[in-house]
Amino acid sequence: MEKRSSQTKVKVVVRLRPALSTNEKTCVSVVDNRVQILNHRNIEESLQYEFNTVFDEKTSQVEVFSTSVEPLLEKVLHGQNVSVFAYGPTGAGKTHTMLGVNSDPGIIPRVIQSLFKTIELKQKSANDLSNQAPQFKVTFSYMEIYNEKVRTVAATNLNKYSSRSHTILLLKIHRKEPSGKELRGKLYLIDLAGSEDNRRTGNKGIRLKESGAINKSLFVLGEVVDAINQNQPRIPYRNSKLTRLLQDSIGGGCHSVMITNIAPEEKFYYDTYCTLNFATKSKKIVNSITTHVVDNIKIEKPTATVRPIKRLSGSVPPSKPKLQKSSSSLPSLTSADSLSSSTSAQANEPLPSPLVRQQKAFEFAIQEKISAMEKLVETLQFTSNNNAVGPEQPSVESKASSTPSSRRTRSSLQLSLVSVHSDDSPDVICPTPKASSGKLTDATNLLKQRHFGPPPQKAKKQKMQYKVIEDNTSCSPLFPKTPSQTRKRGSSQDFESPTTKKIKEAPSKFNNEDQVKRNAEFLGLLNTATVKELQELQTVGVKRAKMIFEWRKIHGDFTSTQGLLEVPGFSDKVLKKLLRNNFVTET
Ligand SMILES: Nc1ncnc2c1ncn2[C@@H]1O[C@H](COP(=O)(O)OP(=O)(O)OP(=O)(O)O)[C@@H](O)[C@H]1O
């Protein structure tokens, strides 16, 4: 059930990074909540922009987090969605703000630490009062929107580690109250690819095209913001993958914070000007906040809410050096970085509590997946386009390029939207030790083993598509290892689920009641089926099944079959055909 509770504006904050070199001239300054940019060519053209919050170059990571993000975490725990995204030109500090470095962690590691600590506190205080504590389950997905025509995550002249994709970390928090009431909140943490002025970056060839694609998606983002501000009847969310993903964040049901990163150097003048103009128009957007709540009548039996340390330790990857190595991908916090008064007390505990250990395991799982993804992209760069690999490229394990799987990974480079999906892990409250342990320790292997793509010719034809790596091995319809690998579409005996079977067995004649029932069953199936099951529906092939599945993971349940129109690959015509072929009427 969704409850529209309030309306709130997109919160736009600006962060100015420090100058990176004393040799460069600067043109931006911050006074109170105003940003001033001086046009060195014409001093009279100096511009001032006002925002609610402006962080100057001295602002620390913890201040950015505690001012802009931390207050919203409670909302996620209460079934609301929150979106935090960093926007700005290449090299202005988006990744520093979102991820940070080990010695100075950014928003993502701080959010994870804070969420787990808050959950622990809530459970502790319930236990202290001898009340039954709520149960929490935290899952995550990591996605990149990547231009499929580009073969490298290449360095530009401007910033040698420039990220060329939009990356999205989605945390889902499922809270179950002892009363049976369930709350489901989502937290999107988004590091957008940098917009850039190609004249300045010196981009050429592939990099120019890549940059063009990034700028185009950001341009569509601008169009979306304009359309919302002008109250247009149609908002062009569907014109880019990025805006589809941000649909809930901009003009949707989320609490949204846009962190606008800007750089002080004169050479960024035009970028800074455009970025601040975009930020100014974004702050007018109003979102209608939705609370995702299910009221279950069933009263849960009391269960242990914090699992014993012994079982938990099974879920932490045993290899310490590996974890330490991967920690470079996702900086973790030290006790010195205590975030708020409510959490700082915890930081001094001599032994990590179970939830802190779970948080660590969770961080590790994300680290593993992100670093595996980075490795994969590097491998792909190397194996798919040796010419493009210059001295700035990171070294690549040659093993990966010589195995048969590398041939498959190469083809997956052509996919534009890469999703490392691990929605079932790690389960904070009650994973079985076996499952949990497998999921966490195998994260990297999983990615290595399962980065298979469609045959290269096929992938070339497809302009934009999803690549999904799922933790649940039984849900890999694209590349099943079982006899189903050779099965033809429609011959589903080998894994047909009772639900799918029910849908497939269409009665020869419907009365109204049958039809309503069937429609409901079909909708239920859309909201619960695995990719394999979805594939069994008429008119839903592998690609559409994966699209439906991914869309559902990101945006939640479909409330009607019309919702399928939001899924990439579904036109009116396709939807009508799908409904007709499955004996379902429009809902
Ligand atoms: N607040 C800051 N304090 C210190 N250094 C910073 C800060 N913000 C950014 N930097 C440094 O500036 C450089 C560029 O930052 P970063 O890579 O985060 O930019 P970006 O906007 O993510 O770029 P891209 O769009 O190319 O990914 C990095 O070396 C980073 O460490």
Side-chain angles (χ1 to χ4, degrees), residues 13-24 26 28-30 35 53-69 84-110 144-147 150 152-169 189-198 200-203 207-208 210-218 221 242 258-265 267-268 271-272 274-276 278-279 328-331 337 370 373-374 377 392-394:
V13 305
V14 175
R15 183 179 198 189
L16 173 67
R17 76 150 161 75
L20 298 178
S21 146
T22 45
N23 300 333
E24 295 258 7
T26 60
V28 185
S29 57
V30 171
V35 187
T53 310
V54 180
F55 298 119
D56 66 17
E57 64 273 38
K58 294 188 199 92
T59 311
S60 66
Q61 298 278 65
V62 70
E63 199 179 337
V64 173
F65 169 75
S66 56
T67 315
S68 309
V69 183
V84 179
F85 56 103
Y87 176 91
T90 293
K94 298 180 295 297
T95 306
H96 181 82
T97 299
M98 295 307 293
L99 202 58
V101 287
N102 259 343
S103 54
D104 199 11
I107 286 170
I108 291 175
R110 286 173 196 277
E144 288 190 4
I145 300 178
Y146 189 70
N147 178 1
V150 178
T152 57
V153 179
T156 65
N157 293 348
L158 189 69
N159 175 356
K160 76 178 188 165
Y161 297 113
S162 166
S163 57
R164 319 302 299 138
S165 56
H166 307 293
T167 60
I168 298 125
L169 179 65
L189 299 167
I190 304 169
D191 183 359
L192 294 176
S195 56
E196 58 193 13
D197 180 351
N198 289 309
R200 185 170 53 78
T201 54
N203 282 338
R207 284 170 215 174
L208 183 64
E210 177 187 30
S211 170
I214 294 167
N215 285 347
K216 191 191 157 206
S217 63
L218 294 171
L221 182 60
L242 174 66
M258 179 171 125
I259 302 179
T260 311
N261 288 95
I262 53 172
E265 291 86 2
K267 65 182 180 191
F268 282 90
D271 285 327
T272 306
C274 296
T275 303
L276 291 174
F278 179 75
S328 60
S329 297
L330 187 68
D337 294 302
I370 292 179
M373 175 58 72
E374 282 164 356
V377 173
E392 290 169 348
Q393 297 300 319

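Note that ligands are numbered from 1 as they come in the structure, with each ligand's atoms numbered from 1 the same way. Here the structure is a predicted model, which means the values were calculated and not measured. Computed over heavy atoms, backbone and side chain alike; hydrogens, waters and symmetry mates excluded.
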Number the atoms of ligand 1 from 1 as they appear, then name those within less than 4.0 Å of a heavy atom of Lys94, with their elements. 18 (O), 19 (O), 20 (P), 21 (O), 22 (O), 23 (O), 24 (P), 25 (O)
Looking at residues at least two apart in the chain, or sitting in another chain, which of them share a salt bridge (Lys or Arg N to Asp or Glu O under 4.0 Å) with Glu24? Lys267
Mind listing the closest non-hydrogen atom pair of Val13 and Phe55 along with its distance? CG2-CE1, 4.0 Å
Glu265 and Leu20 have their tightest heavy-atom pair at OE2-N, 3.2 Å
Can you check which of Gly93, Gly100, Gly106 brings a heavy atom nearest to atom 9 (C) of ligand 1? Gly93
Shortest non-hydrogen pair, Ala263 vs Ala92, comes out as N-CB, 4.0 Å
Element-labelled atoms of ligand 1 that are located less than 4.0 Å from some non-hydrogen atom of Arg17: 7 (C), 8 (N), 9 (C), 10 (N), 12 (O)
Paired with Val28, the side-chain contact (heavy atoms from CB on, under 4.5 Å) test is passed by just one of Val35, Val14, Asp56, namely Val35
Hey, is Pro18 one of the residues with a heavy atom under 4.0 angstrom from ligand 1? yes
Side chain, backbone, both or neither: Pro89 near ligand 1, heavy atoms under 4.0 Å: backbone
Per atom 30 (C) of ligand 1, closest listed option by heavy atom (Lys58, His166, Met98, His96): His96
Numbered in order shown, the ligand 1 atoms found under 4.0 Å of a heavy atom of Leu20 are 11 (C), 12 (O), 13 (C)
Which of the ligand 1 atoms, numbered from 1, are nearer than 4.0 Å to a heavy atom of Arg15: 1 (N)
Side chain, backbone, both or neither: which part of Asn261 comes within less than 4.0 Å of ligand 1 when only heavy atoms are counted? neither
From Thr26 atom OG1 to Phe268 atom CZ, the distance as rounded to the nearest 0.5 Å: 12.5 Å
Going by the atom numbers of ligand 1, which of them fall below 4.0 Å from some non-hydrogen atom of Thr95? 18 (O), 20 (P), 22 (O), 27 (O)
The salt bridge (Lys or Arg N to Asp or Glu O under 4.0 Å) partners of Arg15 (sequence neighbours excluded) come to none
